Each structure stands twice: as structure tokens, then as C-alpha cells.
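Have a look at the structure below, then the notes.
The first residue of the sequence shown is numbered 1, and numbering continues consecutively from there. Note that the structure is predicted; figures quoted are calculated from it, not measured.
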Amino acid sequence: MILNVKKPLNILNHSLLCGVFELFSHKTILRTQNKIQLALCGYSLYLVFMFYIERIFRACLFIVLCIPSVFGQRVTSLRPDISVDSILKAKPGASKLALDPITKHLFYTSSNGNIYEVFETDQTDSLRFTANDHGLSRLQGLCFLDSTMYLAGNIWYSTTGIGMIMKGTLQTNGTRVWTSMLVTEAYPTSSSSGDHGFTGINVDPSKQFLFFSGGSRTSFGEVASANGNYPGMREQALTSKIYRIPIHAENLYWPNDSTFLTNSGFVFAEGTRNAYDMAWNAQNHLFAVDNAGERDDPEELNWLQEGQHYGFPWRIGGNTNPLTNPSYDASQDPLVNPNNSAFLAGHFNADPNFPPIPVGIQFTEPLRNYGNAADFYKDENTGQIKRASEEGTSVRTFTPHRSPLGLVIDRDELLGSIYQGKSFVMSFMPGGDSTGYTPLSPWGSPCPFVDSSRELVMMDLQYDSLLADYTIHSANVVSGFYLPVDAEQVGNSIYVIENNGVLWKLNFPSKLNPPICYQAGLIAYPNPFSSTCQVYFPNPSKQLRNFKLYQSNGQLAYESAQYDLDTYTLSVPNVAAGEYTLILEQGTEILARQKVIIYD
């Protein structure tokens with residue numbers, strides 16, 4: 001079935017979902033628990049019984065509500081200059097999306113190892129490769145360089161797993177020859193289904209290295225014995241790191257050994273939990289999203305720098321991991337939901353043997369998000385839900401439990417209008433009520449509280465010289481996704497693929513190339529404009545200049561900061577509509593002037 005946003009299948013509308021949500025809210029479950037508790041013969045039996053009853057209850061809600069809503073939803077733009085198209089119904093378990101620069105076709109992976117080629121014109125896809133071809137039974141990373149395909153993932157066994165990086169070299173007949181770039185020693189996993197594993201693979205701008213994430217083995221540094229197979233075990237040498245290997249590497253073998261890895265030169269950074277996606281900006285700086293654990297700590301966006309440590313497991317989302325306190329009582333922690341499965345399973349119990357912070361390590365904190373999107377957080381002292389943009393502060397970085405992924409940075413400035421050069425991120429989890437629960441939650445997992453969390457978030461990443469760090473100002477631009485897992489920019493479009501849903505195409509304004517500018521010409525384009533335009537005037541010597549905008553009566557309406565480029569983005573959202581004179585000055589000299597019209 002091909003979905004088309006022009007003819008949505010309205011199987012479940014928003015009002016129906018809201019009604020069911022109110023009927024089957026978490027408070028309703030708690031009232032039911034109180035009644036059943038009276039009939040049970042012990043408090044321990046009650047907890048175990050209700051844990052599984054609630055899981056079954058939520059699974060039923062997920063089947064009844066979420067599966068139809070995936071097919072019936074309609075993703076909508078929150079901006080008039082972005083349009084949305086549905087391309088096809090993706091195969092279940094979609095995990096990564098990337099553009100093949102040779103065929104100009106999108107490819108996407110399923111977590112079970114399948115790789116599909118997308119034929120957008122026909123709105124179809126075709127299975128190209130499976131785990132039998134490349135060997136990865138758990139596939140979580142995909143990227144291209146020229147004609148070569150690169151994969152990252154794992155093979156999970158009952159109590160161990162191995163990490164793998166594979167490359168597929170294109171042949172003249174369209175097939176690929178698969179070569180092992182890296183295989184690790186089998187290392188202890190936290191469960192039979194594995195852990196966060198290898199993911200986030202990408203090529204650096206110099207095209208000399210592959211970067212990828214080795215995710216954490218634990219959720220927040222707790223003991224993960226894998227049902228008693230590994231008593232007292234937490235993280236391993238191969239986990240919780242960002243790696244870098246040469247693009248032409250083949251047949252590398254890594255033991256699960258800290259000394260080897262430290263001396264190998266392959267470790268780029270440490271202390272990440274699950275950096276599921278990475279992207280480079282125009283300054284060739286690498287950024288990665290990272291999601292936190294079951295506690296209500298913010299999700300992260302980090303500027304990854306060589307040799308830095310990003311805090312895990314001692315720091316998560318700008319907060320101190322409370323397990324570092326040997327007398328910690330999770331029942332008194334405002335950031336731990338008492339109905340959380342991790343809390344009920346005892347993972348937040350006091351941990352007097354939690355490892356101390358290694359001597360000499362300084363942590364690099366996540367970026368500051370000042371809002372207005374994905375900026376909810378909980379006060380660590382009171383548990384009160386607050387919003388950074390309303391409090392005049394920042395959060396590091398996103399609303400808890402959003403599970404950020406699908407990071408895109410318009411490093412080549414191919415998008416037009418206000419989107420040019422901006423960054424974008426998706427969120428896997430749907431939003432919940434004030435307790436973080438919703439019938440739309442997959443597997444009954446905690447969801448973002450209050451935050452709707454089904455949007456594409458646009459981020460303005462700016463370097464702050466005083467902080468010596470990047471900051472984020474954010475806004476929602478497209479809404480209505482369900483469990484999106486990855487995004488890929490192609491020209492002035494961004495494609496978004498859902499885990500068990502649809503491949504969407506978001507069409508942004510095209511980049512406007514400046515018109516020919518004569519020697520004495522000042523060109524503002526577009527003109528007229530609403531609130532933002534590009535102003536072009538040659539500046540080969542990089543002289544400091546600034547703009548002034550005058551009303552028809554001669555009064556100054558706006559004055560820009562100084563700049564030294566050929567092109568300047570003039571943004572005047574608070575200037576009233578009308579006709580103005582734009583004047584370019586260099587010191588006391590007027591270089592050029594132009595009439596411009598601003599409309600509402």
C-alpha cells in the first residue's frame with residue numbers, strides 16, 4: 001500500500017486517540033492496581049503480577065492503537081514553505097537511511113540485516129542484500145563514499161556479541177563484494193538480545209576515515225550480569241566509545257582490551273552512551289545525538305572532539321548519575337518514575353560499589369538548548385516540569401526520553417530561506433502525559449513528558465566564543481511522525497524513514513543563488529520579502545561592514561552587527577511592513593543603497 005498525504009487514511013483521528021488516552025491513562029492503571037492489590041496475597045507477588053499485567057495491557061493498547069495509527073497518520077508541515085510527500089510503506093524494522101551517490105537512489109536497512117533500494121518514481125523498493133551477504137545479523141549503520149557501501153552492526157549470541165564494520169565494493173554487474181574492515185573479539189553482552197552495539201557510521205569530510213559509535217553495555221552504569229552469567233559486570237573495554245578507522249582498513253581485529261584500544265589510536269572519544277547518529281557541519285566539526293537511560297535526564301547533542309570524555313556513566317544529560325551516591329534512595333528521587341520498569345526491576349537500588357570517577361578525567365558536557373523546541377526538563381529538587389525557553393535558561397540538550405536520532409546538518413547550504421545552514425533532528429519516542437506515559441508508547445517505555453515529540457526539530461547551532469562551545473536555538477517545523485529512525489538530506493529535501501511506517505519526503509525552499517552584481521550594485525533577494533533576505537555585495541578584502549535600514553521618513557529601523565562576508569542574512573522579524581532604504585556602510589563611508597519592501 002502506498003500512502004499519499006493528499007489522500008490520508010483516517011483510520012484513527014486525534015480526538016479518538018485523546019479519548020482513549022484519557023480512558024486508559026496511567027492513573028486508570030493505578031486505580032485498577034489498587035483494586036487488584038486487595039485480592040493478592042503478598043506485596044512482592046503484587047508487584048510481579050502488576051508488572052506483567054501492565055506490560056500486557058500496554059502491549060494490547062499498542063496493537064489496537066498504534067498499528068492502525070501508523071498506517072493512518074498524516075505528517076504535516078508547521079511551516080507554509082515546507083511540503084510533505086509520502087514515498088512508500090517501508091519494510092518493518094527499518095533502521096538506517098542513506099543516499100547512493102552513484103545511482104542517486106536511497107537505500108535503507110532493516111535491523112535484521114536486510115538492505116533495500118528505493119525507486120522513488122515508482123514508489124517501490126527492492127531487497128538488495130541480506131545478512132547472508134554481509135554477515136551482520138544486527139544492522140545499525142549505513143553510509144556511502146563514492147560507489148562503496150559501509151555498514152556497522154553486530155552479531156549477538158546468547159551471552160556474547162561481536163562488533164563488525166563491513167564494506168561492499170560495487171561491481172560492474174551491480175553486485176557487491178563484501179570485505180571485513182573490522183571484527184572485534186566476542187565480548188560479554190547485557191542480555192541475549194545484545195546491547196547498544198556498533199552504529200552511527202559516517203565518513204569524515206576529508207574522506208580518509210570512518211567514524212562510528214560503540215554503544216554502552218548498560219543503561220546507566222549499573223551491574224548487568226546477563227542473568228547471572230557475569231556477576232558484578234558493568235561496561236567493557238569495547239563499549240561506550242567513539243571510534244575512527246582509516247577508510248581503506250581491512251581485516252582489523254580488536255580484542256576486548258583497554259590497553260590495546262588506548263594504544264591503538266582508534267579511540268576518538270569516550271563516555272558516550274548510544275551515539276546513534278552523527279553529522280558534520282561546515283566547519284568540519286562532528287556532532288552526535290545520544291540518548292539517556294530510564295531516569296528523567298535530558299537527551300544529548302554533543303560536539304565530538306578528539307580525546308574528550310562525555311561523562312557516561314558518571315554524567316548523563318548534564319546531571320550527575322545518582323548511583324555515584326552510595327546512600328542513594330531512588331524512591332525519593334524526583335527524576336525516577338516509580339512505575340518505570342527499571343525501577344521495579346531494582347536497577348536503581350543503592351550501589352555502594354559504583355566505580356569512582358577516574359583520576360584526571362574532565363568531562364565535556366552536552367550542548368545547551370535554549371528552546372523553543374524539545375526543551376522541557378524536570379527540576380532535580382522538586383520534580384516540577386519546566387521549559388527552558390520559558391525559564392530563561394537552557395537544558396542540556398533535549399526533553400528526556402525523546403530518543404533523538406536522524407541528525408541532519410545542511411553543511412553545504414543547499415536549503416533555502418531560513419533553513420539554510422541549519423541542523424535538524426528527529427525523535428523516536430512519542431510524547432506522553434505529565435508522568436511520561438501514553439498508549440502510543442512502544443513496549444510501554446517511558447516517553448517525553450508534556451512534549452509531543454513527534455516533530456522534525458530545526459536547530460540553529462552557533463558557536464559561542466565566550467562559552468567556547470556551540471549553543472542551540474530550536475523550533476518545530478514538521479509534525480506527526482511515528483517512531484522515525486533516520487533522516488537523509490538530498491538537495492533541498494530531507495527524507496525521513498519510520499521504524500514500522502512510511503518513508504516521507506520533506507520539500508524545503510530551494511537555495512536562491514545571488515543574481516549578477518554590478519560593480520556598484522547592492523542586491524537584496526528575494527525582494528520583496530517577509531522577514532528574511534540575503535544581501536549580496538562583493539567584499540574581496542574582508543572589510544568590516546554593517547547595514548542600516550531606514551524608513552521612508554528617515555528614521556532608523558534596524559542596524560546590523562558588523563560582518564566581513566560577501567553575503568549577509570538580513571533577518572528583521574520585528575520590523576513593520578513597508579518600504580525601506582537599505583544602506584551598506586564601511587566605517588563612515590556609504591558603499592551602496594537599495595530600496596526594499598517588507599510584507600506581512
Inset, instruction - Decide, yes or no, whether a salt bridge links R593 with E585 under the criterion of side-chain N to carboxylate O below 4.0 Å. - result: no
Inset, instruction - Would you please indicate yes or no on a ring centroid separation below 6.0 angstrom for H285 and Y470? - result: yes
Legend entry - F211 ring center within less than 6.0 Å of F268 ring center: yes
Inset, instruction - Return yes if a side-chain donor-acceptor contact under 3.5 Å exists between Q308 and W303, otherwise no. - result: no
Legend entry - Ring-face cation of R454 near F481 (centre distance under 6.0 Å, axis angle within 45°): no
Legend entry - Side-chain donor-acceptor contact under 3.5 Å, R273 with S240: no
Inset, instruction - Validate the cation-pi geometry between K378 and F449: distance from NZ or CZ to the six-membered ring centre under 6.0 Å, angle to the ring axis within 45°. - result: yes
Inset, instruction - List in chain and number order the residues that pass salt bridge (Lys or Arg N to Asp or Glu O under 4.0 Å) with D564, two or more places apart in sequence or in another chain; answer none if no residue qualifies. - result: none
Inset, instruction - Tell me whether the centres of the aromatic rings in F547 and Y568 are closer together than 6.0 Å. - result: yes
Inset, instruction - Identify, with sequence neighbours excluded, every residue that meets ring-ring contact (aromatic ring centres under 6.0 Å, His included) alongside F508. - result: Y419, F424
Legend entry - Ring geometry between F363 and H309 (parallel below 30°, tilted from 30 to 60°, perpendicular above 60°): tilted
Inset, instruction - Check whether NZ of the Lys or CZ of the Arg K96 lies under 6.0 Å from the centre of the six-membered ring of Y276 and within 45 degrees of that ring's axis. - result: yes
Legend entry - Any side-chain donor near an acceptor of the partner, S479 and T76, under 3.5 Å: no
Legend entry - Ring centres under 6.0 angstrom apart (Y599, F529): no
Inset, instruction - Hey, can you tell me if F212 and F198 have their rings parallel, tilted or perpendicular (30° and 60° cut-offs)? - result: tilted
Inset, instruction - Of all the heavy-atom pairs spanning L97 and I497, show the shortest one and how long it is. - result: CB-CG2, 4.0 Å
Inset, instruction - Output the distance between atom NZ (K386) and atom CG (D375), rounded to the nearest 0.5 Å. - result: 13.5 Å
Inset, instruction - Please confirm whether the backbone N or O of L304 pairs with a side-chain atom of N302, one donor and one acceptor, at under 3.5 Å? - result: no
Inset, instruction - Work out which heavy atom in N492 is nearest to a heavy atom in L414; give both atom names and the distance. - result: CB-O, 3.8 Å
Inset, instruction - Answer with yes or no whether the side chains of E120 and Y495 bring together a donor and an acceptor at under 3.5 Å. - result: yes
Inset, instruction - Assess the side chains of S453 and D451: does a donor N or O sit below 3.5 Å from an acceptor N or O? - result: no
Legend entry - Distance-only side-chain donor-acceptor flag, S83 / N507, under 3.5 Å: yes
